[in-house]
Protein chains: 2
Amino acid sequence: MSRKPGRPTTHLDDVSKAIIEQLQQDGRRSYAAIGKVVGLSEAAVRQRVQRLTESGVIQVVAVTDPLQLGFARQAMVGIKATGPLEPLADTLAEMPEVDYVVITAGSYDLLVEAVCESDEHLLELLSTRIRTIPGVVATETFMYLELRKQTYSWGVR
Amino acid sequence: MSRKPGRPTTHLDDVSKAIIEQLQQDGRRSYAAIGKVVGLSEAAVRQRVQRLTESGVIQVVAVTDPLQLGFARQAMVGIKATGPLEPLADTLAEMPEVDYVVITAGSYDLLVEAVCESDEHLLELLSTRIRTIPGVVATETFMYLELRKQTYSWGVR
DNA sequence: AGTGAAACGACCGTAGA
DNA sequence: TCTACGGTCGTTTCACT
């Protein structure tokens, strides 16, 4: 779940980028179908996808739409804290409503995205589970009014 | 790219949740293999996945790791603005470095996540392309020090 | 919504350039 | 790192429940 620093940078050629674009449109597209588009044999596509996956450059996964599942209240919570940040980040990461935790430089030490069913649910999370963590000094909540863009593939194109 | 309000809430039974969990671990896992785990025939799994996908509850896609691709500087940018927020959000969404745009209630009107190659790249984006948009009054940047958790499936488990 | 069966197509390992 | 190929397994369709 946590991303380690110091990973080597992988260079992608145009063919790999094209393959990733195909998988970005449909993660279950067959290797043969991708091969036809990018001009490679099925086996070659398969090997490249395997290498890209094993090296951690890509991941083919299911993503869900919170709204469709009845999670109507999303918010970004900025947190100011004292003491070491990593254990705090890990505590937050363990909460099922929390889907995003990042340690930041700026007026917050941590940014946390939470997905909740209702205002009451969000309030409960914030008041009784986040703000009570030792080391949490202050929080500021940004309620989501509308999510306008969400992309899962960066650096391709 | 934008998510409209007022979508109906889909109810998931335990079997569909189990299927989504499987696809969350590996989006290319075969329907037959998933069927063995969840106790359903291959055809039944395929139908459920098709329904879940067509109704927008899930999406099987490739996600990329920015760090591996040489995008070492990520930041969340809080934006205060005047005037209507939707066109502003759309302008920001069109920028290739911007992978996340949300309209919020709170001390920022918008939150934007940007993925950049370097500090210079981020500075250029911020100074010459974001802060020059008419209606942008102020920005605050939270540089990412470490991304600790990133989940793509909400509401399942 | 689900199963089962048969035809078809995809996937995987291996060999060779 | 690619193509070629054969065996195996997954997918698709359809009739049935």
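A note on names: the letters A, B, ... follow the listed sequences, proteins ahead of strands, and every chain is numbered from 1.
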If you count the non-hydrogen atoms of other residues, nucleotides and ligands that lie under 6.0 Å from CG in B/D13, is the total more than 12? yes
Once you build an axis from the first five pairs and another from the last five of the helix from C/dA1-D/dT17 to C/dA17-D/dT1, how far apart in angle are they, to 10 degrees?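 Inter-axis angle at the ends, rounded: 40°.
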The correct set of residues in residues 29-40 of chain A placing a heavy atom under 4.0 Å from DNA chain C is A/S30, A/Y31, A/A32
Which parts of residues 45-54 of chain B get close to DNA chain C, meaning a heavy atom less than 4.0 angstrom away? B/Q47, B/R48, B/R51
What verdict does the side chain to side chain donor-acceptor pair (under 3.5 Å) test give for B/Q68 and A/S55, after you've listed the backbone C-alpha separation in whole Å, the side-chain angles of each residue and the deciding distance to 0.1 Å? CA-CA 9 Å; B/Q68 290 256 11; A/S55 66; 5.0 Å; no
With the 4.5 Å side-chain cut-off for hydrophobic clustering, are [X] and [Y] part of the same group?
X: B/Y152; Y: A/L52; result: yes
X: A/V61; Y: B/L69; result: yes
X: B/L123; Y: B/V77; result: no
X: A/M76; Y: B/L110; result: no
X: B/Y144; Y: A/F142; result: yes

Nearest atoms (heavy-atom pairs only) where B/A72 meets B/L67: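 Scanning both residues, the minimum pair turns out to be CA-CD2, 3.9 Å.
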What are the two closest heavy atoms between B/V156 and B/K17, and how far apart are they? CG1-O, 3.6 Å
Ring-face cation of A/R28 near B/Y31 (centre distance under 6.0 Å, axis angle within 45°): yes
Between B/Q50 and B/E54, is there a side-chain donor-acceptor contact under 3.5 Å, judged purely by atom types and distance?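 The criterion, which ignores hydrogens and geometry beyond distance, is satisfied for B/Q50 and B/E54.
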With rounding to the nearest 0.5 angstrom, report the CG to CZ distance, A/L111 to B/R148.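 Nearest 0.5 Å value for the CG-CZ distance: 14.5 Å.
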On DNA chain C, which is the earliest and which the latest nucleotide, 5' to 3', with an atom closer than 4.0 Å to a heavy atom of chain A? C/dA10 to C/dG13
If the condition is side-chain hydrogen bond (donor to acceptor under 3.5 Å, both in side chains), which residues does B/Q22 pass it with, not counting sequence neighbours? B/R29
Between B/D119 and B/M143, is any pair of side-chain heavy atoms under 4.5 Å apart?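 The answer is yes, as the side chains (C-beta and beyond) meet within the 4.5 Å cut-off.
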Find out whether A/E97 and A/H121 are in side-chain contact, i.e. whether some heavy atom of one side chain is under 4.5 Å from a heavy atom of the other. yes
Chain A contact limits on DNA chain D, taken 5' to 3' with a cut-off of 4.0 angstrom to heavy atoms: D/dT1 to D/dT11
